[in-house]
Trainee: 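To start, I am sharing the structure in question, which I have written as structure tokens.
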Number of protein chains: 2
Amino acid sequence: MDASWLDADEMAAWLRLVAITELLPGVLDSQLRRDAGLSHYEYFVLAMLSEAPERTLRMTSLAQRTNATLARLSHVVRRLEERGLVERYPCPEDARATNARLTAEGWSLVESAAPAHVANVREHVLDPLTSQQVHQLVEIGDALLERLDPGGRMTALYRREAR
Amino acid sequence: MDASWLDADEMAAWLRLVAITELLPGVLDSQLRRDAGLSHYEYFVLAMLSEAPERTLRMTSLAQRTNATLARLSHVVRRLEERGLVERYPCPEDARATNARLTAEGWSLVESAAPAHVANVREHVLDPLTSQQVHQLVEIGDALLERLDPGGRMTALYRREAR
DNA sequence: CCAGAATAGTTGTAGCGTCAACTATTGGCG
DNA sequence: CGCCAATAGTTGACGCTACAACTATTCTGG
């Protein structure tokens, strides 16, 4: 990390981004773990299902929406299924595919966990920013995701095209 | 994740930040793993040592600079020591403390890994941003880190005070 | 000056993610 | 048709991180 290769502003931005990616997961996980017994990724999976029609999604689509590989999702969904929060069944239209559906129990867990989670996100991320900075973060996020996920394989569903 | 609790811009910013924290580690890790046999966190540890006087730091200080807990760092340094990249020795001034020092081998590894890593950071993070956005990211980062690491326990060393 | 609290660090364990290997189905095209 | 590539998903092993428990020093107030 030779400082001469990045100018002062670039280095400052980079150090902050690294720190955020190290610290944010812990902040999210510990609140959700304590209040709902879920990791942030597990919560996010349940939340994506809760917003889908029939509260059901194919594994591949769910993996995209949660920025994860299929292998990771498969392990997570197996554990969620063992806890009765989700159920899997073969997709009727395509025998290769698997559908994951939120159970009633899973739905009520997300519902009960959401308020405290949203409050936590507000407290640690949204509140400290001005509304102008929130908007800047959207633009910066789009620019970065275009490179971090070039084909839009994981983020195409909500990403705005670059101007 | 009830959308009604966050407005459109807030939700957009939040989804992008989540996606970045999921995707960035993989982008950094895979390049460094392939080119230097190091995880990004391991590289960062070596890089922080390479910039310190005597290429030596106390474990606690090194943990702060790398946004990590002492437990995590201890495991990582043990593995780096086994590979001959770092050496540990009891701190003379305080018998509780341990110093970690970069070996010659560790130094040459960081030196050889740095160019490709910096290029990767440029390609995926800095280049897609305007210089104005880089500056905005610094401000946004400071605002978030003030909440993510309230006491400045991990980030005080480089964080700018809020205006 | 010494008892208890705080600091510094290590270690074992359990849980999660990555990677590679694998099965099963579908789609394309010759 | 029939074969081969692509798609969809699962699984097992391995490595890394968080958490809790532990040792060992140093600091501090009575």
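Everything numeric here is computed off the predicted structure, so don't read it as measured data. Every chain is numbered from 1, with letters handed out A, B, ... down the list of sequences.
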Trainee: Please work out if Thr98(A) contacts a base, only the sugar-phosphate, or nothing of the nucleic acid, heavy-atom cut-off 4.0 Å.
Mentor: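 Sugar-phosphate, no base atom in range.
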Trainee: Given that Ala97(A) and Arg78(A) both sit by DNA chain D, which one's nearest nucleotide is further toward the 5' end?
Mentor: Ala97(A)
Trainee: Can you name the nearest heavy-atom pair linking Ala113(B) to Tyr43(B), along with the distance?
Mentor: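 It is CB-CE1, 4.0 Å.
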Trainee: Anything under 3.5 Å between a protein N or O and an N or O of nucleotides 13-17 of chain D, put it in a table, one pair a line.
Mentor:
{"from": "dC16(D)", "atom 1": "OP2", "to": "Arg79(B)", "atom 2": "NE", "distance (Å)": "3.4"}
{"from": "dT17(D)", "atom 1": "OP1", "to": "Arg72(B)", "atom 2": "NE", "distance (Å)": "3.3"}
{"from": "dT17(D)", "atom 1": "OP1", "to": "Arg72(B)", "atom 2": "NH2", "distance (Å)": "2.8"}
{"from": "dT17(D)", "atom 1": "OP2", "to": "Arg79(B)", "atom 2": "NH2", "distance (Å)": "3.4"}

Trainee: Would you find more than 12 non-hydrogen atoms of other residues, nucleotides or ligands less than 6.0 Å from Glu54(A) atom CD?
Mentor: no
Trainee: Rounded to whole Å, how long is the line connecting atom CG of Leu80(A) with atom C1' of dG17(C)?
Mentor: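 Spelled out: CG on Leu80(A) to C1' on dG17(C) is 15 Å.
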Trainee: Should Glu10(A) and Arg122(B) count as an ion pair when the cut-off is N to O under 4.0 Å?
Mentor: yes
Trainee: Return the nearest nucleotide to the side chain of Asp94(A); candidates are dT25(C), dT11(D), dT11(C).
Mentor: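 Shortest atom-to-atom distance from the side chain points to dT25(C).
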Trainee: Polar atom pairs between nucleotides 4-6 of chain C and protein, under 3.5 Å, N or O only, would you list them?
Mentor:
none

Trainee: When the ring planes of His40(A) and Trp14(B) are compared, do they come out parallel, tilted or perpendicular, using 30° and 60° as the limits?
Mentor: perpendicular
Trainee: Let me know the distance between CZ of Arg34(A) and P of dC19(D), rounded to the nearest Å.
Mentor: 12 Å
Trainee: Which part of the nucleic acid, if any, lies within contact of Ala71(A), taking any heavy atom under 4.0 Å across all strands shown: a base, the sugar-phosphate backbone alone, or nothing?
Mentor: base
Trainee: Would you call Leu57(B) and Leu49(B) a side-chain contact if the rule is heavy atoms closer than 4.5 Å?
Mentor: yes
Trainee: When the distance from CG of Leu73(B) to C1' of dT11(C) is rounded to whole Å, what number comes out?
Mentor: 14 Å
Trainee: Rounded to whole Å, please give me the gap between CD in Glu93(A) and P in dA24(C).
Mentor: 22 Å
Trainee: Flag the pair Arg72(B) and Glu22(A) as a salt bridge only when some basic side-chain nitrogen lies within less than 4.0 angstrom of an acidic carboxylate oxygen.
Mentor: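 Salt bridge present between Arg72(B) and Glu22(A).
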Trainee: Quick one: are Asp142(B) and Arg16(A) in side-chain contact, heavy atoms under 4.5 Å?
Mentor: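 With C-beta onward as the side chain, the pair touches.
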Trainee: In the structure I gave you, are the side-chain heavy atoms of Asp35(A) and Asn120(A) within less than 4.5 Å of one another anywhere?
Mentor: no
Trainee: In this structure, how many angstroms lie between the P atom of dT18(C) and the NE2 atom of His40(B), rounded?
Mentor: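 Rounded to whole Å, this separation is 16 Å.
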Trainee: If I take atom CZ in residue Arg88(B) and atom C1' in nucleotide dA8(C), what distance separates them, rounded to the nearest angstrom?
Mentor: 13 Å
Trainee: Can any side-chain N or O of Thr21(B) pair as donor or acceptor with the backbone N or O of Thr21(A) at less than 3.5 Å?
Mentor: no
Trainee: What is the distance, to the nearest angstrom, from the CG atom on Asn67(B) to the C1' atom on dA18(D)?
Mentor: 16 Å
Trainee: Round to a whole Å and report the spacing from CG of Leu70(A) to P of dG17(C).
Mentor: 14 Å
Trainee: From the options dT11(D), dT10(C), dT25(C), select the nucleotide whose nearest atom is closest to the side chain of Ser74(A).
Mentor: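 Shortest atom-to-atom distance from the side chain points to dT11(D).
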